[in-house]
Amino acid sequence: MEKNYTENLIKIEPDSKSLRFLYHTAPGRILLKLLIRPGLSKLVGKYMDTGLSKIHIKGFIKNAGIDMSEYEDEKYTCFNDCFTRKVKPEKRPVFGEEGALISPCDAKLSAYHITEDSQFAIKHSTYRVQDLIEGSEKAPDYRGGTCLIFRLCVDNYHRYGHVDDGEILENKPLSGKLHTVRPIAIGQYPIFIQNAREYTVMQTKHFGIVTQIEVGAMMIGKIKNHQTTGAVKKGEEKGMFLYGGSTIVLLLEKGVGNIPEECFKATEEDYEIPVKYGQKL
């Protein structure tokens, strides 16, 4: 991460009226019960795979303010083709220094210390590592380690990569509900546990056993990882999210990563740090 990264901090924006309605009113919570069902997200996802969904592409690009010059030229046959568009390699150079931890994606970053009883707190929700990676036989408990949360917005690049060279020890998808990943939901529910997710436990070259968790969000149709076993390379594409906002959680063991303390302080003060795929952390 650049030494002056704190100059680029982003204050967490107030939640929209629609989200406040869903999470803070009785009628909204009734509607929310329907919206967070995975079946609805699958239905929306199927529509976004059809040719009919192309009508949304121009408006999406304009409203999100996406600079399409950063992306490879291709003909989109459906909305998801556009949503999972491929960036030009030179626009996301991977920091190649030996032993440097890189960002797995374009996102807004928050950092948390994991306590000695393997917990960390976000807003009013407390998370236990063992709940996030339910059923894992290979992951450590990460006590005293670090939890990095990368929140992708709809205008972000929705492909993500590996943070180091290594070997996949374990991969497991977990079904669940699909809340938004906005802070308003985090304050109401332990969403990273409730939401559909997929975790990959990796023995890395420089950072011990790292677990990367892809978390689905409201209207996410699918988390698509390319491989579930074998060797991986730093900066190599790991997978992609289809339509919707989404999140990546990275769990690091105690004493690795060397995340600047200013990053944790920024998170405590409700700021997020914009990062890019391949950037040194």
Side-chain angles (χ1 to χ4, degrees), residues 94-105 107 109-120 122 127-152 158-176 190-216 220 222-242 246-259 275 277-281:
V94 175
F95 190 81
E97 182 181 298
E98 185 77 10
L101 181 69
I102 62 169
S103 172
C105 59
L109 170 65
S110 300
Y112 302 88
H113 292 294
I114 301 172
T115 65
E116 288 301 322
D117 54 2
S118 302
Q119 296 184 355
F120 59 96
I122 305 176
Y127 291 86
R128 297 190 310 161
V129 169
Q130 55 265 46
D131 292 331
L132 276 176
I133 50 178
E134 178 185 341
S136 176
E137 298 178 355
K138 300 293 185 179
D141 57 20
Y142 291 105
R143 63 181 64 195
T146 301
C147 174
L148 300 178
I149 295 180
F150 301 83
R151 184 172 70 88
L152 288 75
H158 270 70
R159 293 174 183 250
Y160 47 85
H162 292 286
V163 299
D164 195 18
D165 295 347
E167 186 85 18
I168 295 175
L169 302 178
E170 184 180 24
N171 176 271
K172 185 175 182 180
L174 296 168
S175 60
I191 62 166
F192 299 134
I193 294 171
Q194 290 195 358
N195 281 20
R197 59 199 186 279
E198 183 169 338
Y199 66 77
T200 306
V201 183
M202 295 165 284
Q203 178 66 59
T204 65
K205 184 176 180 180
H206 299 99
F207 308 109
I209 299 179
V210 172
T211 296
Q212 182 166 320
I213 310 165
E214 289 85 37
V215 184
I220 272 287
K222 193 174 182 181
I223 297 167
K224 185 178 180 181
N225 281 315
H226 299 318
Q227 68 181 93
T228 58
T229 60
V232 299
K233 299 293 290 183
K234 175 182 175 180
E236 181 180 56
E237 185 177 296
K238 183 177 187 293
M240 67 187 78
F241 292 105
L242 301 191
S246 36
T247 297
I248 289 176
V249 179
L250 204 64
L251 301 177
L252 303 174
E253 294 184 89
K254 185 176 181 178
V256 304
N258 296 321
I259 304 301
V275 293
Y277 186 128
Q279 178 183 344
K280 179 184 177 182
L281 298 181

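The structure displayed is predicted, hence computed values, not measured ones.
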query: Hey, are Glu170 and Ser136 close enough side-chain-wise for a donor-acceptor pair under 3.5 Å?
result: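 Present: a donor and an acceptor within the cut-off.
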- prompt: Taking atom types as modelled, is there a side-chain donor on Asp141 or Gln130 under 3.5 Å from an acceptor on the other?
  reply: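 Looking only at side-chain atoms, Gln130 and Asp141 do not form any donor-acceptor pair under 3.5 Å.
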field: Expected output: side-chain Tyr277 to main-chain Gly235 donor-acceptor under 3.5 Å
entry: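 Yes, because the side chain of Tyr277 sits within donor-acceptor range (under 3.5 Å) of the backbone of Gly235.
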Using every non-hydrogen atom in the two residues, find where [X] and [Y] come nearest and quote the distance to one decimal.
| X | Y | answer |
| --- | --- | --- |
| Phe95 | Lys280 | CE2-CD, 3.4 Å |
| Tyr199 | Gly135 | OH-C, 3.5 Å |
| Glu167 | Val232 | N-CG2, 4.4 Å |
| Cys105 | Phe150 | SG-CB, 3.6 Å |
| Leu252 | Gly257 | CD1-CA, 4.4 Å |
| Leu174 | Leu132 | CD1-O, 4.0 Å |

- prompt: Of Lys238, Gln227, Lys172, Gln212, which meets side chain to side chain donor-acceptor pair (under 3.5 Å) against Thr200?
  reply: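 Exactly one pass, corresponding to Lys238.
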message: Parallel, tilted or perpendicular: which one describes the rings of Tyr127 and Phe120, with boundaries at 30° and 60°?
response: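 Ring orientation, 0 to 90° scale: parallel.
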Got a second to check how far [X]'s [atom1] is from [Y]'s [atom2], nearest 0.5 Å?
| X | Y | atom1 | atom2 | result |
| --- | --- | --- | --- | --- |
| Gln119 | Arg143 | CD | CZ | 10.5 Å |
| His113 | Cys147 | NE2 | SG | 11.5 Å |
| Asp164 | Glu236 | CG | CD | 12.0 Å |
| Met202 | Asn171 | CE | CG | 9.5 Å |
| Gln203 | Lys205 | CD | NZ | 13.0 Å |
| Ile102 | Lys234 | CD1 | NZ | 5.5 Å |

- request: List the steps and the verdict of side chain to side chain contact (heavy atoms under 4.5 Å, CB included) for Met240 and Arg159.
  value: CA-CA 4 Å; Met240 67 187 78; Arg159 293 174 183 250; 3.3 Å; yes
field: Atom CD of Glu137: over 12 foreign heavy atoms under 6.0 Å
entry: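 Not buried by this count: 12 neighbours or fewer within 6.0 Å.
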Kindly indicate whether the side chain of [X], heavy atoms from C-beta on, has any atom under 4.5 Å from the side chain of [Y].
| X | Y | answer |
| --- | --- | --- |
| Leu251 | Val129 | yes |
| Tyr142 | Ile209 | yes |
| Leu281 | Leu109 | yes |
| Ile223 | Tyr160 | yes |

- prompt: Is there a side chain to side chain contact (heavy atoms under 4.5 Å, CB included) between His158 and Ser246 once you walk through the steps?
  reply: CA-CA 9 Å; His158 270 70; Ser246 36; 3.4 Å; yes
message: For Lys224, is there an ion pair with Glu214 - N to carboxylate O distance below 4.0 angstrom?
response: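 Salt bridge absent between Glu214 and Lys224.
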- request: Go through the steps for Ile259 and Leu148 under the test side chain to side chain contact (heavy atoms under 4.5 Å, CB included), then give the verdict.
  value: CA-CA 9 Å; Ile259 304 301; Leu148 300 178; 4.0 Å; yes
message: Once ring-ring contact (aromatic ring centres under 6.0 Å, His included) is applied, do any residues pair with Phe207, and if so which ones, sequence neighbours excluded?
response: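 ring-ring contact (aromatic ring centres under 6.0 Å, His included) list for Phe207, sorted by chain: empty.
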